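Here the structure is laid out as structure tokens; the discussion comes afterwards.
Both counts, for ligands and for their atoms, begin at 1 and track the order of listing. All values reported here derive from a predicted model rather than from experimental measurement.
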Amino acid sequence: MRIDLHTHSDRSDGTESPAELVKRAHAERVDVLGLTDHDTTESWQEAADVAERVGVTLVRGIEVSCTYAGSGVHLLAYLPDPTYPPLAEELDRVLAGRNSRLPATLERLRDLGIDIDVHDVRRVAGETAAMGRPHVADALVALGVVADRNEAFDRFLGPQGPAYVHRYAADLETMIRTVGDAGGVTVLAHPWARRHDHSALDHDGVARLRDAGLAGLEVDHEDHRPEVRERLRELARELDLVVTGSSDYHGLGKIGHELACNTTAPEELDRLLRLAADAAARTSRDTPEVLVPR
Ligand code: AMP
Ligand code: ZN
Ligand code: FE
Ligand code: FE
């Protein structure tokens with residue numbers, strides 16, 4: 001079984017359509033695909049239609065932009081009812097923050113002497129519902145300012161970069177509860193990834209999040225070195241959290257994150273799906289099914 005629980009389509013900052021992503025998963029013999037675009041469920045319908053047709057088990061999710069103790073944290077939310085009003089309203093707030101950041105980012109770039117406007121970004125952003133820095137990076141590539149997304153983040157868009165602008169993100173503990181109330185389950189994405197401040201995600205911090213309903217930790221991720229993975233796995237064991245592994249695939253948008261380069265063990269997926277079924281039953285929300293091919 002090849003289980004990859006964290007991937008992106010072009011409805012956020014991946015480079016392939018949901019249909020292309022599902023077909024690629026099928027071609028690469030991925031049995032279970034988690035589709036987790038940033039802050040949006042726009043990709044769900046198209047992916048579900050194709051998954052049923054080609055025969056990939058699809059777990060619909062969202063990677064929600066959150067904040068915890070002053071730092072950005074990504075939360076994987078699987079199988080929540082996306083129409084649950086507190087969830088839908090908070091995702092709208094996060095998406096509004098993305099849209100209002102864009103003009104400010106472009107202003108900074110123009111101050112640096114780069115001739116770029118919103119049309120340059122819209123042109124490369126395609127069907128995205130979650131406008132982000134990667135799209136600005138793609139526009140900079142198209143304008144010949146940088147060679148690739150990486151260079152754009154290193155020189156301009158990263159947290160220390162001259163064109164970095166803060167945006168709104170959801171409170172992490174509240175979002176964990178909200179996803180649970182929406183009948184879904186949550187996993188912390190790449191909790192100890194390089195280039196993130198994760199000092200608040202220590203044993204006690206993660207224990208608090210578990211008490212708020214957190215189900216798991218994404219341990220096997222390219223941004224975790226082997227020692228980091230071992231320490232995180234130990235933490236998950238101590239706190240009785242589900243352990244996941246995934247690629248964080250972005251098509252051509254993220255180098256070194258090939259589909260299924262990390263995977264989740266079948267028994268860990270079973271645990272996660274049981275917790276999701278419990279949440280769905282407890283809340284009576286109309287949650288998405290895990291689409292299993294016939
Ligand atoms: P944003 O969502 O606008 O805050 O941008 C953050 C996203 O940019 C992350 O979720 C990553 O997918 C992506 N990202 C961050 N650093 C890089 C990088 N060096 N190269 C390509 N993509 C990146
Ligand atoms: Zn991304
Ligand atoms: Fe992430
Ligand atoms: Fe991601």
For [X], the ligand 1 atoms whose distance to one of its heavy atoms is below 4.0 Å:
X	result
Arg149	21 (C)
Arg98	1 (P), 2 (O), 3 (O)
His38	10 (O), 12 (O)
Gly132	3 (O)
Gly253	21 (C)

So for [X], does at least one of its heavy atoms come nearer than 4.0 angstrom to any atom of ligand 1?
X	answer
Gly158	no
Glu63	no
His74	yes
Arg101	yes

Should the heavy atoms of other residues, nucleotides or ligands under 6.0 Å from [atom1] of [X] be counted, would the total exceed 12?
X	atom1	result
Arg29	CZ	no
Asp115	CG	no
Glu267	CD	yes
Leu252	CG	no
Arg225	CZ	no

His8, portion touching ligand 1 at heavy-atom distance under 4.0 Å: neither
Part of Asp13 within contact of ligand 1 (heavy atoms, under 4.0 Å): side chain
Between [Y] and [X], do the side chains contain a donor N or O and an acceptor N or O under 3.5 Å apart?
X	Y	result
His257	Glu222	no
Ser9	Asp37	yes
Glu90	Tyr84	no

Considering heavy atoms of the protein only, find what lies nearest to [atom] and give residue, atom and distance to 0.1 Å.
atom	answer
atom 6 (C) of ligand 1	Arg133 NH2, 3.4 Å
atom 14 (N) of ligand 1	Phe153 CZ, 3.5 Å
atom 11 (C) of ligand 1	Lys254 NZ, 3.9 Å
atom 20 (N) of ligand 1	Asn150 OD1, 3.5 Å

Residue pairs fulfilling salt bridge (charged side-chain N to carboxylate O under 4.0 Å, His left out) with at least one residue in residues 200-219, sequence neighbours excluded: Glu173-Arg208
Test side-chain hydrogen bond (donor to acceptor under 3.5 Å, both in side chains) applied to Tyr249 and Glu258, His8, Glu16, the passing residue: Glu16
Non-hydrogen atoms of Ala48 and Leu291 that approach each other most closely: CB-CD1, 3.4 Å
Sub-2.8 Å protein N, O or S atoms surrounding the Zn ion (ligand 2): Asp13 OD1, Asp13 OD2, His38 NE2, His250 NE2
Is the backbone of [Y] close enough, under 3.5 Å, to the side chain of [X] for a donor and an acceptor to pair up by distance?
X	Y	value
Asn99	Ala96	no
Arg167	Gly132	no
Ser247	Asn262	no

The Fe ion (ligand 4): protein N, O or S atoms [distance under 2.8 Å]: His6 NE2, His8 NE2, Glu63 OE1, Asp248 OD1
Salt-bridge contact [X]-[Y] (side-chain N to carboxylate O under 4.0 Å):
X	Y	result
Arg194	Asp223	yes
Glu230	Arg233	yes
Lys23	Glu20	no

Pick from His190, His250, Met131: the one approaching atom 12 (O) of ligand 1 most closely through a non-hydrogen atom: His250
Identity of the nearest option to atom 13 (C) of ligand 1, non-hydrogen atoms only, from Ala152, Ala137, Pro134: Pro134
Under the side-chain hydrogen bond (donor to acceptor under 3.5 Å, both in side chains) test, residues paired with His221 that sit two or more places apart: Asp248
